[in-house]
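One structure below.
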Amino acid sequence: MSSKLVLVLAKTIQVLKNSTIYADNYFTSIQLVEFLRDKYQCRYVGTARPNRIGNPPLMSKKEMVKKSTPRGTLDYVSCNGVFAMCWKDNKQVTVLSSDAGVEPLSTAKRWNKDTRKKVEIQCPAVIKEYNGKMGGIDKSDMLTHLYKTPMKSRRWYIRLYSYIIDLCTSNAWVLYKRDAIALLEKPMPLKDFQLKISTFARTYKNRPTRMLRNTPEPFVLLRKGQRTSRPSDNLRYDYSKFHCPEFVNQRMTCKFCSTKDDIHRSRLICNVCKVALCLNDSRNCFQDFHAAPLPHRPLRPHRTQRPLHQ
């Protein structure tokens, strides 16, 4: 079944000839590599399970996992254009390839528990090429499974739906992190990013379809003990809307200056953000609440002056 999935997806490639497919050990087998090479002239690189490589004369797993066998040890064999190799990293890695081989050998840094520092071990070219092409897939799987959506169900499409949500969220966080670094800002962690999306989705309210443009929504008085939701930053700093104070009869807690020990109440709310803000002779929370923060830029280190020679 795993080989059929690769063949079905391979037919969607426009120019399959002289292309290279990369996959993990769930899909790789010696029969699949030979079939793609003979019928479509397509190259293949992937990790494989020891029982799917056709019993080549390689080092056994018992010999590989011995402490006397140093990390970076490799053993390989090639036949009819198909290359099989086992390489010792943290564990034994088995690779099947019809594209790359061992040379040119390079080095990779790995953590050594005995010396408590990183050491260099030899790394074949096929491992470098595989990590370069499959690194994004492994990272995406890691980010998706860090904070999974707690949605358990016997129906398979519910699990697929929750996985799609997690995948879209992690991809959006990667794009946000790239843009934040380009703007010299400190990006928020993935957990806080997901919490912001959840907060926005829970507090978002659909507007009527026949509402005119830039028409403020009517404010609904809250019940006793009910709290107002804090608006999103996009709405809070949106200067295209007319943020204007509006008087209400009910006194509510100011969303800007109030703390747990020091509570200030006001009868003025923002007609766009729908939160209460102080506006009097001693405090102007309305202006401070809508003032956008300045972008954070790292301070440049001062250059030390060299002493003048006498």
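Side-chain atoms are counted along with the backbone in the values below, which use heavy atoms only and exclude waters and symmetry mates. One-based numbering along the sequence shown.
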Looking only at heavy atoms, which two atoms of [X] and [Y] are closest? And how far apart?
| X | Y | result |
| --- | --- | --- |
| Ser19 | Cys42 | O-SG, 3.4 Å |
| Trp173 | Pro189 | NE1-C, 3.6 Å |
| Ala48 | Thr28 | CB-CG2, 3.8 Å |
| Glu129 | Asp99 | OE2-OD2, 3.0 Å |
| Lys128 | Thr107 | NZ-O, 3.4 Å |

Side-chain donor-acceptor pair present, [X], [Y], cut-off under 3.5 Å:
| X | Y | value |
| --- | --- | --- |
| Ser232 | Asn234 | no |
| Arg236 | His290 | no |
| Arg52 | Asn25 | no |

Do Val95 and Met59 sit in one hydrophobic cluster, given that two such residues count as connected whenever their side-chain heavy atoms are within less than 4.5 Å of each other, even indirectly?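 No, it is not one cluster - the side chains of Val95 and Met59 are not joined through contacts under 4.5 Å.
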Apply side-chain contact (heavy atoms from CB on, under 4.5 Å) to residues Arg110 and Arg71 and explain how you reach the verdict. CA-CA 9 Å; Arg110 294 293 186 270; Arg71 294 176 65 179; 3.0 Å; yes
With sequence neighbours excluded, tell me which residues meet ring-ring contact (aromatic ring centres under 6.0 Å, His included) with Tyr163.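 For Tyr163 there are no ring-ring contact (aromatic ring centres under 6.0 Å, His included) partners, ignoring immediate neighbours.
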Is the backbone N or O of [Y] less than 3.5 Å from a side-chain atom of [X], with the two atoms forming a donor-acceptor pair by type?
| X | Y | answer |
| --- | --- | --- |
| Lys88 | Lys66 | yes |
| Ser266 | Leu277 | yes |
| Arg267 | Glu246 | no |

To the nearest 0.5 Å, what is the distance between OH (Tyr147) and CD (Gln194)?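 Nearest 0.5 Å value for the OH-CD distance: 8.0 Å.
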From OG1 (Thr144) to CD1 (Ile164), nearest 0.5 Å: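 Output value for this atom pair is 11.5 Å.
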Is it the case that over 12 heavy atoms from other parts of the model lie below 6.0 angstrom from the OH atom of Tyr176?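 Yes.
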